[in-house]
Amino acid sequence: VPQSVWEDTWVAGRLLRRVTACPAGYVIVRGILDTDETRDECFYCPATTYSVLPAFWYQDATRRQMWVENASAAPFLCHDCPIEGARCEGGDQIIPLEGYWRAEEEVGGLVTNGRRADLKVGETRLYRCPPGA
């Protein structure tokens with residue numbers, strides 16, 4: 001996956017290649033055992049879902065973002081497309097429908113202009129355009 005980051009590390013005399021970052025629209029699937037490298041992948045959020053934040057894996061579990069140990073759980077980290085006002089084609093693609101717009105900088109988990117959006121991490125909000133706009 002373009003813009004993904006993989007790290008080479010030696011474990012018990014073996015060179016392993018592990019995923020450490022995936023771009024927005026993806027979830028990191030990474031086994032927690034050092035020998036689980038064959039399960040590592042950047043999982044693309046499927047159609048009708050989205051993720052607008054990049055995924056990161058760190059040794060420090062409190063800093064991990066958009067990460068699961070098992071691929072079957074990955075779709076559950078992707079957000080459902082809003083029922084009204086948008087079309088989601090998967091990944092980070094949220095396309096507002098006519099009469100709606102979205103503030104790109106308003107994403108849950110990010111601090112913008114000194115305040116945190118009241119959304120789940122990686123979630124975004126749509127707004128209805130005023131009449132005549």
I'd like to know whether Ser51 forms a side-chain contact (heavy atoms from CB on, under 4.5 Å) with Val27, so could you lay out the CA-CA distance, the side-chain angles of the two residues, the decisive distance to 0.1 Å, and finally the verdict.
CA-CA 8 Å; Ser51 173; Val27 173; 5.6 Å; no

Given side-chain contact (heavy atoms from CB on, under 4.5 Å), test Tyr50 with Cys45 step by step and report yes or no.
CA-CA 6 Å; Tyr50 71 92; Cys45 289; 5.8 Å; no

Does the pair Ile94 and His79 meet the rule for a side-chain contact (heavy atoms from CB on, under 4.5 Å), with working shown?
CA-CA 11 Å; Ile94 305 167; His79 298 283; over 6 Å; no

Can you check salt bridge (charged side-chain N to carboxylate O under 4.0 Å, His left out) on Arg87 and Glu89, steps first, answer last?
CA-CA 6 Å; Arg87 184 177 77 243; Glu89 297 180 348; 3.0 Å; yes

Is there a side-chain contact (heavy atoms from CB on, under 4.5 Å) between Thr48 and Cys88? Walk through the geometry before answering.
CA-CA 5 Å; Thr48 74; Cys88 300; 5.5 Å; no

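Under the 3.5 Å distance criterion, the side-chain polar atoms of Arg18 are matched with a main-chain donor or acceptor of Gly31. When atom types are taken as modelled, the side chain of Arg64 and the backbone of Gln59 share a donor-acceptor pair closer than 3.5 angstrom. For the pair Glu41 (side chain) and Ile28 (backbone), a donor-acceptor distance under 3.5 Å is absent. In this structure a side-chain-to-backbone donor-acceptor pair under 3.5 Å is present from Asp40 to Val19.
If you take CG on Leu53 and CG on Asp92, they are separated by 10.0 Å, rounding to the nearest 0.5 Å. The distance from atom CZ of Phe56 to atom CZ of Arg63, rounded to the nearest 0.5 Å, is 9.5 Å. Between atom CD of residue Glu84 and atom OH of residue Tyr100 there is a gap of 3.0 Å, rounded to the nearest 0.5 Å. Of the inter-residue distances, the one linking Leu15 atom CG with Asp8 atom CG reads 5.0 Å to the nearest 0.5 angstrom.
Listed here is the closest heavy atom pair of Gln65 and Pro54: NE2-O, 2.6 Å. Across all non-hydrogen atoms, the minimal contact from Pro23 to Pro2 is CG-O, 3.5 Å. Cys81 and Ala86 get closest at one heavy-atom pair: SG-O, 3.8 Å.
Qualifying ring pair (Phe, Tyr, Trp, His ring centres under 6.0 Å) partners for Tyr44, counting only residues two or more places apart in sequence or in other chains: Tyr26. Every residue two or more places apart in sequence or in another chain was checked for a side-chain hydrogen bond (donor to acceptor under 3.5 Å, both in side chains) with Tyr58, and none qualifies. Residues passing the salt bridge (Lys or Arg N to Asp or Glu O under 4.0 Å) test with Glu98, sequence neighbours excluded: none. The ring pair (Phe, Tyr, Trp, His ring centres under 6.0 Å) search around Trp6 returns none, not counting sequence neighbours. Under the side-chain hydrogen bond (donor to acceptor under 3.5 Å, both in side chains) criterion, Arg14 pairs with Glu37, sequence neighbours left out.
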Run the side-chain donor-acceptor check on residues 67-77: report pairs under 3.5 Å with partners two or more places apart or on a different chain.
| residue | atom | partner | partner atom | Å |
| --- | --- | --- | --- | --- |
| Trp67 | NE1 | Arg30 | O | 3.2 |
| Asn70 | OD1 | Ser72 | N | 2.9 |
| Asn70 | OD1 | Ser72 | OG | 2.9 |

